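Each remark here refers to the structure printed beneath this line.
Count residues from 1 along the sequence. Note: hydrogens, waters and symmetry copies are ignored here, and every other heavy atom, side chains too, is used. All values reported here derive from a predicted model rather than from experimental measurement.
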Amino acid sequence: TSEDVIGQHPSILSSGKHDAAFYKVMWQSVKDTGAWQGEVWNKRKNGELYPEQLCITAVKDDNGVVTNYVGTLTDVTIKMANAEKIQQLAYYDPLTNLPNRRLLLVRLNQALASCLRNDIGGALLFLDLDHFKSINDTLGHEVGDLMLQQVAERLTACVREGDTVYRLGGDEYVVMLEYLSSNSVEAA
């Protein structure tokens with residue numbers, strides 16, 4: 001309410017997520033250019049942290065002396081959640097939550113560059129489930145989906161922390177193993 005904030009310093013909204021250096025740069029921008037705009041984390045009255053878009057503008061009198069600052073806050077919680085959901089839909093398989101073909105291609109290019117730069121081998125394992133169509137046809141798609149989820153869980157449990165299991169689609173999976181060895185025989 002207005003009674004909660006009138007006369008208070010804006011720090012009553014501070015989330016504690018930004019350090020003094022962050023605020024120093026922010027206020028230096030306001031001083032140098034008369035404004036600052038960016039994303040910050042603040043705190044609601046109930047203590048909940050939330051992201052907001054903040055715009056601070058210096059108000060000057062006729063002599064060019066700053067008399068006030070106007071801050072405009074826009075809660076971007078929903079916008080950030082939607083962006084995260086779009087990211088999830090674009091790069092992850094909805095059934096298994098494994099990274100999908102699109103993310104594999106992005107990460108494969110990064111892994112190849114890293115392997116070449118560090119002169120270290122890696123591997124790609126392609127897996128295709130035999131006779132999966134007959135499982136779907138005889139036991140139903142629900143059982144088939146459970147099987148795909150189980151395969152995803154089991155493959156993920158078998159790899160090292162830095163390795164990644166991908167679902168290409170249908171009954172196809174790829175396991176990317178990175179940093180195996182600089183000796184090609186050991187890597188194989």
Side-chain angles (χ1 to χ4, degrees), residues 15-19 21-26 29 36-42 49-55 74-137 139-188:
S15 66
K17 284 189 164 233
H18 306 289
D19 60 10
F22 174 85
Y23 289 109
K24 183 177 180 183
V25 169
M26 175 197 299
S29 174
W36 180 87
Q37 182 173 321
E39 197 170 280
V40 297
W41 284 85
N42 269 338
L49 301 184
Y50 71 100
E52 68 181 22
Q53 185 70 29
L54 172 61
C55 179
T74 305
D75 187 335
V76 292
T77 305
I78 293 172
K79 180 181 170 186
M80 286 183 75
N82 287 342
E84 197 172 295
K85 186 169 182 141
I86 289 168
Q87 181 84 358
Q88 180 73 21
L89 290 171
Y91 291 110
Y92 290 86
D93 173 58
L95 179 65
T96 62
N97 289 321
L98 290 177
N100 64 17
R101 178 186 304 266
R102 176 180 275 163
L103 191 53
L104 169 65
L105 294 175
V106 171
R107 290 187 180 165
L108 183 58
N109 286 327
Q110 294 169 349
L112 286 171
S114 177
C115 285
L116 288 171
R117 187 173 49 253
N118 297 309
D119 191 31
I120 196 160
L124 281 179
L125 308 175
F126 288 85
L127 294 105
D128 182 275
L129 305 180
D130 289 339
H131 310 294
F132 179 72
K133 183 180 179 331
S134 61
I135 290 172
N136 270 341
D137 292 345
L139 301 174
H141 288 279
E142 283 184 14
V143 172
D145 286 352
L146 285 173
M147 182 176 169
L148 294 172
Q149 291 168 333
Q150 279 293 306
V151 168
E153 287 177 24
R154 291 177 184 196
L155 288 172
T156 302
C158 291
V159 298
R160 301 170 304 170
E161 190 175 322
D163 300 329
T164 310
V165 178
Y166 299 85
R167 179 167 178 232
L168 296 185
D171 62 351
E172 297 176 321
Y173 297 84
V174 170
V175 179
M176 185 165 53
L177 306 172
E178 296 185 67
Y179 304 105
L180 293 178
S181 176
S182 57
N183 180 310
S184 59
V185 174
E186 287 178 12

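Here the shortest heavy-atom pairing between G122 and C115 reads N-SG, 4.3 Å. When every heavy atom of A187 is checked against every heavy atom of G121, the shortest pair comes out as CB-CA, 4.3 Å. The two residues I135 and G144 make their nearest non-hydrogen contact at CG2-CA, 4.3 Å. Scanning both residues, E178 and G162, for their nearest heavy atoms gives OE2-O, 4.0 Å. In plain terms, the two heavy atoms of E39 and M80 that are nearest each other are OE2-SD, 3.7 Å.
With sequence neighbours left out, S181 forms a side-chain hydrogen bond (donor to acceptor under 3.5 Å, both in side chains) with E186. Annotation: side-chain hydrogen bond (donor to acceptor under 3.5 Å, both in side chains) contacts of D75 (sequence neighbours excluded): R44, T77. Qualifying side-chain hydrogen bond (donor to acceptor under 3.5 Å, both in side chains) partners for N42, counting only residues two or more places apart in sequence or in other chains: E52.
Summarising the geometry, atom CG belonging to D130 is positioned 8.5 Å from atom CG belonging to D171; distances are rounded to the nearest 0.5 Å. Separation of atoms CG (L155) and OH (Y166) is listed at 13.5 Å; rounding is to 0.5 Å. Atom CG of L104 sits about 6.0 Å away from atom CG of L168, to the nearest 0.5 Å. Put simply, CG on N100 and CG on L105 are 9.0 Å apart, with the number rounded to the nearest 0.5 Å. In this structure, CG on D137 lies 13.0 Å from NE2 on H131, to the nearest 0.5 angstrom.
Using a 4.5 Å cut-off on side-chain heavy atoms (C-beta onward), L124 and V174 make contact. Two residues are said to be in side-chain contact when any heavy atoms from C-beta on lie closer than 4.5 Å; T156 and E153 fail this criterion. Counting heavy atoms from C-beta outward, H18 and W41 have side chains that approach closer than 4.5 Å. Between L180 and I120, the closest side-chain pair of non-hydrogen atoms is not below 4.5 Å. Inter-residue side-chain proximity for L129 and M147 is flagged as met; some heavy-atom pair is nearer than 4.5 Å.
Residue pairs meeting the salt bridge (charged side-chain N to carboxylate O under 4.0 Å, His left out) criterion with at least one partner in residues 79-98, sequence neighbours excluded, are D93-R167. For residues 155-165, the salt bridge (charged side-chain N to carboxylate O under 4.0 Å, His left out) pairs, not counting sequence neighbours, are R160-D163. Residue pairs meeting the side chain to side chain donor-acceptor pair (under 3.5 Å) criterion with at least one partner in residues 102-114, sequence neighbours excluded, are S114-N118, S114-Y179.
No side-chain donor-acceptor contact under 3.5 Å links E172 to the backbone of F126. Looking at Y173, its side chain does come within 3.5 Å of a backbone N or O of L148 through a donor-acceptor pair.
By the 6.0 Å contact criterion, CD1 on I78 is open, its count of non-hydrogen atoms from other residues, nucleotides or ligands being 12 or less.
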Show your reasoning for whether side chain to side chain contact (heavy atoms under 4.5 Å, CB included) applies to N97 and Q88.
CA-CA 9 Å; N97 289 321; Q88 180 73 21; 3.7 Å; yes
